[in-house]
Every structure is written in C-alpha cells, then in structure tokens.
Engineer: 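Okay, here's the structure, questions in a sec.
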Amino acid sequence: MNPLKIFEEETKKLLNDALQKLNLKTGIALETPPEGKGDFAFACFPLSKILKKAPDKIAEEIVKNIGKTESIEKVENTGAYVNFYVDEEKLKEITIKSILEEKGKYGCFPQKNVKIILEHTSANPTGPIHVGRARNPIIGDSLARILKAYGYNVKTEYYVNDIGKQVVIMAYGEFLLPKTFDARLSQKNQRNKADHRMVGYYRWANEQMEKSKEFSEKISEWLRRCEKGDKEIVELVQTSCKQVLNGTKQTLKRINVDIDKYIWESTFVKKGRVDEVIGKLKKSEHCKNENGAYYLDLESFGIHGRDTRFFFTRKDGTSLYTTRDLAYHLYKFKNSDIAINVLGEDHKLETKQLSIALDLLDIKKKPEIVFYSFVSLPEGKMSTRKGRVVYLDDLIDEAVERAYNEVKKRRNEFLQHEFKERNEEQMKRIAKTIGTGAIRYNIIRVQNEKQIMFRWEDALNFEGNSAPFIQYAHARACSILTKADGYKNFDVKFLNDETEIRLIKKLAEFPNIVEESAVSRKPHKIAGYVFELASSFNQFYRDMPVLKAEEYERNARLALADCFRSVLKNALNLLGIDAPEEM
RNA sequence: GGGCUCAUGAGGUAGUGGAUAGCCUGACAGGCCUCGGACCUGUAUGCCGGGGUUCGAAUCCCCGUGAGCCCA
C-alpha cells in the first residue's frame, strides 16, 4: 500500500470540490511545501490572472470553501498557497501497519504484465571491466531491480560483441602467442583470472599492429573471414571471448550483478537475421550505393556532415556493427514490450542512426536509452589498450580490504563491552558487504549524465554520504531489536516527537520514490532517499531512548525501529546493496 | 569545423517554473561518550557570464565561455 497516496487523493478531492463551489476550472497540481507548512500545497498564482484578483485572496476563499474530511486535519493559507496538513495519527497508523504487514513487499507495486528487456554492460570482451565503464552494470542492475519493484517483468541481457576488430585483435594475439607469453604477463599482473590474462594478448597485438604493416593486414584478413562467418576464425574468436566473459561474470557477481542472458552478436549473422535486415534496407528509397557498399542517406532526417551517410554493408557485402545491432533490436521487440539500453555517451550517434533505420524498416517501437558519462582519471579517459585504467577488480579488492581493517579495529573496541567472540569468517563477510556497497553507492548516487573524476579517496569514502553510513544505521536498528527481544501491543499514539513524526513521514514516502525512480528511469533518486531515511533515523536515535523508555513508549519505538530497518533494507536492495545486521 | 551532454559554497553533489536553494567532505565552534563514534547541533562561503519568456527562472529559450563525448 502507498500510505501517502490516500491522503493525496483526499486532498485533491477536497480541493476539487472547493474549486467547483467557486466555479473555477483548473488542473490540480499539488506541491510539497517546505517543512512546517503542511504536507501538500496548492499554488494560486495562475488563478489570479483568470480571476483578476490577488492570489492570496483566492487562497483565502479556497480555504473557506474546503469541506471536512477524516484524513486532512487542517487547511490554511500562507500567502498565495493553500496548505494541507494530514491527520498525523492516521498517517502513523496506516504507515506502520502497512510496513509491518507487507515487510519485504512494502514499496513494491502490483504486476503490470509488461515485459522489459533491459540491455546493460555489453562491454567488448577484450579485457577486465574497468572503472570507466563500471557505471554501466551498476546503473543497469539497479534500474532492473527498481523496474521489477514497480511491477514490470524485467529480463536483463548482455550483448556480446564477438564479431569486430577488437575481439579479432585479441584472438589473433592469443593465437600467435600461446603459453610462452604467460610468463611475461604474470610479472605485470599477478591476478590469475581469465579476463586479466587475456587483456595481455590484446595489448600485445595492438602494439604489433602499430609497428608492422604485415601484422595489421593479417588482422584485417581475419576480420574479413570472421565477418563472413568463417568457421575456424569464428570459433577461435569465440573461445577467446568466452574466457574473458567468464572473468567478467565473476567480477559482476562480486558487486551483486547477475545478468539473465548473454546474447552473442554472431548468432544474428548465423541465423540469417542480418541478411534479412540488409535486404529490407536495400529496398528503402533512401538507400544508395558507393563502390558496392550500401548506405542510407540520412540528410532528410536532419543529420548533417559526414554522419549523413549511414553505411550498413561493406564493399564485400559484409555487415557493420550497427547493422547487426538492428537485427538484435528486431529480436528484442519481438520478445518484449519495452526495450531499454544502458549505454555510454559515446554511442549517441549510433543510437540515432539505429532509430532512423528502425523507422525505415517500419518498426514503430524504439529502444529507450539511458546514457551515462564516463568515469575518467585525472590524466584522461581510461583506455584498456593503452593500459591507463583502474580495474573494477582492483577497486573492489581495495574497498573490501579497507572495510576489513575498519571492521577489525572497531570490533576490538566494541567487543570490550560486549564479550562476544570475534569471528574471522563473519568479519570478512561484513567487509565484503561494506566494501562493495560503498562502490555501488558512490557510483549510483550521482546522476548518470554527470561526468565523474575517479579519485581513490572519493571512491573509498566511508563517512557522510556513503553506504557504510547507511548500513550502520541499519545495524544499529537491528542491534536494538535484538536486545529488546521482541515487542508487542504497541500504540502509535506514543510516537509524538518531532524526530519520530519526521521518520514516519519518510517511511511513508518510499512507494512514491520507487514510482518516481522507475518512471523517470533514474536510480539515483533511490540513493538520495536511502540517505535521507538513514539520517532521519540517526536523529531519532539521538533524541529518543528506546530500550530505556517506559513500556508504552518502548513498544512503540521498537515498532518504529523495526519499520525503519525493514524499509531501509528494501530500499538498499533496489540498489543491490546488502543491509548488514552487524558491522 | 559540425552535433550531443554537462556547468550550483573551497572540493563534491540534490533540486518537480513557485515559499528561506537542500545535503556530504573540508574549515571553525560545540554536544553526546548512548541503545554500537562509521553519530548529532551550530557558523561561514553558492546557482558560469549576458539577454529573453513569465505574475514568478538554478530550472524553459537564445547568445557567449569552459569541460566531456562523438563525427570529421
């Protein structure tokens, strides 16, 4: 249930009735007023023009005409605003009751029977995932969780680029340099993980290409054969890609990202889907030919300069990346109602071309794109080829290690009072929860389009606006509940402190936040909410003793703490961040 | 050169055309040492510049400046 919705509907109805009595016809847009001025507000400025009256006079008249109702306790105007105050007793009761009844389901919406294919990550399998692109799985996975909570049937997909120059370069490197090269690699890279091993071949082959024309030509030959579907080459390339992909999956698993399906680009060539696309595009009136290579002339679509010509075949008839991507999208639309792609900002032009080509193919559906900007280093953009990167694996290691040291230090202090045994296994688990949580949170809290400069001290921030701060609030609440050993017969009327009311209102907001975040496809809204929720709890925690309180207060406050930890856990779950019971 | 995106205290970041622009870090001044200090309170510093639309602009439009990305 959405507690606030009930009050919002009631407010709209009251307002509507009042406006009708005054013979006013206008849309009702409610705002959230600043603190201390109620819960919903209606601005009368636009009406003053129609009525030729001062807006505060109109507000006064509306207030006079507002009827009585159960849910709204008070209505008054401040200046040109009509402010509505909810009946707090009722709100408290509904909110606490909903949360305790629905538990993990609080904040979830009914199933919509709408299928979404959400493509994310889809990094070229030529090396480990680096921090520059780490936003992709984190945004994609969080968004998938949020959309599921909002009631969509979501399946995530990773599009594996196993055709194309980059993967051919890597495969050729591996082909030429088997085991002997491994020894050389291990000096630079101690991590025994397939993706970290394979990137060595990729880098080596790139160096050779720059040095030798012959080498470069050999790669081109392989690429041609690969694109034509030459069995031998395709298999070699796929074997290389699979190794890298295995490493990628492990890395993603470490940050709680699990992708439902891996779709191989080559399958669309094999199954003839790409040829179908090419055939249809050739029939378009915008199709032209230059030396045997086919392209679409996009000038009439408002694309100028060199981008006007969108090539979809080469001279030898083989397809290009975007052509194959078109075939992939036809598959997506066949299998879903909505297709969402999480892509780096470098794919913007390509996406535009794809969308026009879909029009020409008479496909009404278009993919929705969630773009994000890169995380860059102070010395420039990250590059796997140049070796100027911070790998996600290294960042995770560092974060988990730092978290472990913190946990150990704090536990030593804490255990002096608690006489508990220190458990190595448990500390490691907690460190993982904290370390990976910190990474996910620090990336997801910033809006996608903002460019982020990677700095170790920011990425590993454990204080203030960070995951550990939020997780700690959860652990605190859990600790109180464990010590209390249950509660019963609580009555919400004992929750009257300012900090208690504020916390309850925050809890009541949650379903609205999920909705906003899902509809706008902006996961960072959840991150903002989670922080505000934890802050509200900390203020309550400071002012209101729970365990030492008198029986009635104690029970009510325990119920509130219980609600808090439950909602916080649900919200963190939408971001793929674990909520530890101890830290 | 053309296109897309971004610009908010010292650094970082939120902000739905509407009320006093929130928050984090750092600085300074405090509280509490509690139910587990990864806490809480207060102070100082801010909407890139210039036009426009509007009763009202950080938010929308135009021009400029700077950064990122793409195409050449």
Side-chain angles (χ1 to χ4, degrees), chain A residues 29-38 41-49 52 54-56 77-81 83 302-310 343-353 371-376 380-381 403 406-407 409-411 413-418 420 434 438 442 445-453 455 457-458 461-473 475-484 499 516 520 522 524-525 527-529 531-532 534-535 537-549 554 557-558 561 582-583:
Chain A
L30 290 180
E31 297 170 31
T32 310
E35 214 174 308
K37 295 208 161 58
F42 178 74
C44 297
F45 301 102
L47 292 173
S48 87
K49 205 173 187 182
K52 302 205 169 78
D56 33 339
N77 74 303
T78 21
Y81 291 93
N83 292 325
I303 294 189
H304 304 291
R306 299 297 169 112
D307 310 335
T308 299
R309 300 194 299 173
F310 162 42
L343 293 174
E345 58 183 339
D346 51 340
H347 286 87
K348 279 184 183 170
L349 173 63
E350 183 195 307
T351 299
K352 210 169 180 178
Q353 293 174 330
F371 287 112
Y372 66 91
S373 299
F374 294 115
V375 179
S376 57
K381 194 184 168 185
E406 280 299 303
V407 171
K409 194 181 92 198
R410 285 160 200 271
R411 290 228 141 189
E413 292 159 14
F414 176 49
L415 287 169
Q416 283 169 13
H417 322 251
E418 293 289 319
K420 272 190 198 167
I434 295 170
N442 275 325
R445 60 181 247 263
V446 180
Q447 200 160 109
N448 303 349
E449 306 83 25
K450 284 244 161 104
Q451 46 212 45
I452 302 182
M453 187 72 78
R455 291 196 181 84
E457 63 269 31
D458 296 340
N461 173 32
F462 287 178
E463 266 157 26
N465 193 352
S466 70
F469 169 91
I470 294 153
Q471 291 170 319
Y472 189 72
R476 267 178 163 175
C478 289
S479 176
I480 290 176
L481 285 156
T482 308
K483 286 191 177 139
T499 60
E516 270 174 40
S520 65
K522 287 181 191 295
H524 81 280
K525 285 175 191 273
Y529 172 75
F531 177 73
E532 283 169 17
S535 287
F537 177 76
N538 279 340
Q539 285 160 23
F540 157 76
Y541 181 89
R542 173 204 56 196
D543 290 348
M544 298 285 115
V546 177
L547 296 176
K548 289 176 194 160
R554 182 184 145 108
R557 286 172 197 169
L558 280 168
E582 290 177 73
M583 279 174 77

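Just the heavy atoms: all of them, side chains too, but no hydrogens, waters or symmetry mates, feed the values below. Chain letters run A, B, ... following the sequence lines, proteins first and then strands; every chain starts at 1.
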Engineer: With a 3.5 Å limit on both atom pairs, tell me what B:rA10 is paired to, counting Watson-Crick and G-U wobble, or say none.
Structural biologist: B:rU25

Engineer: Just so I know, are the side chains of A:Val546 and A:Phe540 near enough to count as touching, which here means a heavy-atom distance under 4.5 Å?
Structural biologist: yes

Engineer: Which is it for A:Phe469 and A:Tyr472 under the ring-ring contact (aromatic ring centres under 6.0 Å, His included) test, yes or no, and what are the steps along the way?
Structural biologist: CA-CA 5 Å; A:Phe469 169 91; A:Tyr472 189 72; 8.6 Å; no

Engineer: Minimum heavy-atom separation for A:Ile480 to A:Tyr541, with atom names?
Structural biologist: CD1-CE1, 3.8 Å

Engineer: Under 4.0 Å, counting only non-hydrogen atoms across every strand here, what does A:Thr78 touch: a base, just sugar-phosphate, or nothing?
Structural biologist: base

Engineer: In whole angstroms, how far is the P atom of B:rC23 from the CD atom of A:Glu532?
Structural biologist: 10 Å

Engineer: Is the distance from OP1 or OP2 of B:rA14 to the nearest side-chain N or O of A:Lys450 less than 4.0 Å?
Structural biologist: yes

Engineer: Return the stacking result for B:rG68 and A:Phe374: yes when the ring centres lie under 5.5 Å apart and the planes under 30°, no otherwise.
Structural biologist: no

Engineer: What is the distance, rounded to the nearest whole Å, between atom NZ of A:Lys49 and atom C1' of B:rG56?
Structural biologist: 12 Å

Engineer: Could you check whether A:Phe462 gets within reach of a base, just the sugar-phosphate, or nothing at all, counting any heavy atom under 4.0 Å?
Structural biologist: base

Engineer: In terms of side-chain geometry, is the basic nitrogen of A:Glu31 or A:Lys37 positioned less than 4.0 Å from the acidic oxygen of its partner?
Structural biologist: no

Engineer: Whom does B:rG64 pair with, Watson-Crick or G-U wobble, provided both distances fall under 3.5 Å?
Structural biologist: B:rC48

Engineer: For B:rG36, does the base pair up with any side-chain atom of A:Ser479 as donor and acceptor (N or O, under 3.5 Å, distance only)?
Structural biologist: yes

Engineer: Can you figure out which of B:rC39, B:rC70, B:rG68 approaches the side chain of A:Phe469 most closely?
Structural biologist: B:rC39

Engineer: Which whole-number value in Å describes the distance from A:Glu350 CD to B:rC69 C1'?
Structural biologist: 13 Å

Engineer: For B:rC4 versus B:rA19, give the span between their C1' atoms, rounded off to a whole number of Å.
Structural biologist: 36 Å

Engineer: Closest nucleotide of RNA chain B for A:Glu516 versus for A:Leu547: which of these residues is on the 5' side?
Structural biologist: A:Glu516

Engineer: Please state how far atom CD in A:Glu35 lies from atom P in B:rU20, giving the value in whole angstrom units.
Structural biologist: 16 Å

Engineer: When the ring planes of A:Phe374 and A:Tyr372 are compared, do they come out parallel, tilted or perpendicular, using 30° and 60° as the limits?
Structural biologist: perpendicular

Engineer: Answer yes or no as to whether B:rA19 has its base stacked against A:Tyr81, where stacking requires a ring-centre separation under 5.5 angstrom and planes under 30 degrees apart.
Structural biologist: yes

Engineer: Would you indicate what A:Val546 reaches in the nucleic acid, counting non-hydrogen atoms under 4.0 angstrom: base, sugar-phosphate, or nothing?
Structural biologist: base

Engineer: Count the heavy atoms belonging to other residues, nucleotides or ligands that lie under 6.0 Å from CD of A:Glu35, then report whether that count exceeds 12.
Structural biologist: no

Engineer: Could you check which of B:rC24, B:rG12, B:rC70 has an atom nearest any side-chain atom of A:Asp346?
Structural biologist: B:rC70

Engineer: Grab the CZ-C1' distance between A:Phe45 and B:rC55 for me, whole Å please.
Structural biologist: 8 Å

Engineer: Round to the nearest Å and state the distance from A:Lys352 atom NZ to B:rG2 atom P.
Structural biologist: 15 Å

Engineer: Under 4.0 Å, counting only non-hydrogen atoms across every strand here, what does A:His524 touch: a base, just sugar-phosphate, or nothing?
Structural biologist: sugar-phosphate

Engineer: Within a strict 4.5 Å, meaning less than it, do heavy atoms of the A:Ser466 and A:Arg445 side chains meet?
Structural biologist: no

Engineer: Considering heavy-atom distances to RNA chain B, does A:Gln451 or A:Lys37 have its closest nucleotide positioned more toward the 5' end?
Structural biologist: A:Lys37

Engineer: From the set B:rC71, B:rC39, B:rU16, return the single nucleotide nearest to any side-chain atom of A:Glu463.
Structural biologist: B:rC39

Engineer: Which one is paired to B:rG30, where only Watson-Crick or G-U wobble pairs with both distances under 3.5 angstrom count?
Structural biologist: B:rC40

Engineer: Within the 4.0 Å heavy-atom criterion, would you say A:Asn442 contacts the bases, only the backbone, or no part of the nucleic acid?
Structural biologist: nothing

Engineer: Does any nucleotide pair with B:rG18 by Watson-Crick or G-U wobble geometry, both distances under 3.5 Å, and what is it?
Structural biologist: B:rC55

Engineer: Contact class for A:Val407 (heavy atom, under 4.0 Å): base, sugar-phosphate, or nothing?
Structural biologist: base

Engineer: Take atom CD of A:Glu449 and atom C1' of B:rA7, then tell me their distance rounded to the nearest Å.
Structural biologist: 13 Å

Engineer: Between C1' on B:rA58 and CD on A:Gln447, what's the gap in Å once rounded to a whole number?
Structural biologist: 14 Å

Engineer: Measuring to OP1 and OP2 of B:rU41, would you say a side-chain N or O of A:Gln539 lies under 4.0 angstrom away?
Structural biologist: yes

Engineer: Applying a 4.0 Å non-hydrogen cut-off, can you work out what A:Ala561 is touching in the nucleic acid: base, sugar-phosphate, or nothing?
Structural biologist: nothing

Engineer: Taking atom P in both B:rA7 and B:rU45, compute the distance separating them and give it to the nearest angstrom.
Structural biologist: 24 Å

Engineer: When we call it a touch if two heavy atoms are under 4.0 Å apart, what does A:Pro46 touch: a base, just sugar-phosphate, or nothing?
Structural biologist: base

Engineer: Scan A:Tyr541 against the nucleic acid and name what it touches under 4.0 Å (heavy atoms): base, sugar-phosphate only, or nothing.
Structural biologist: base

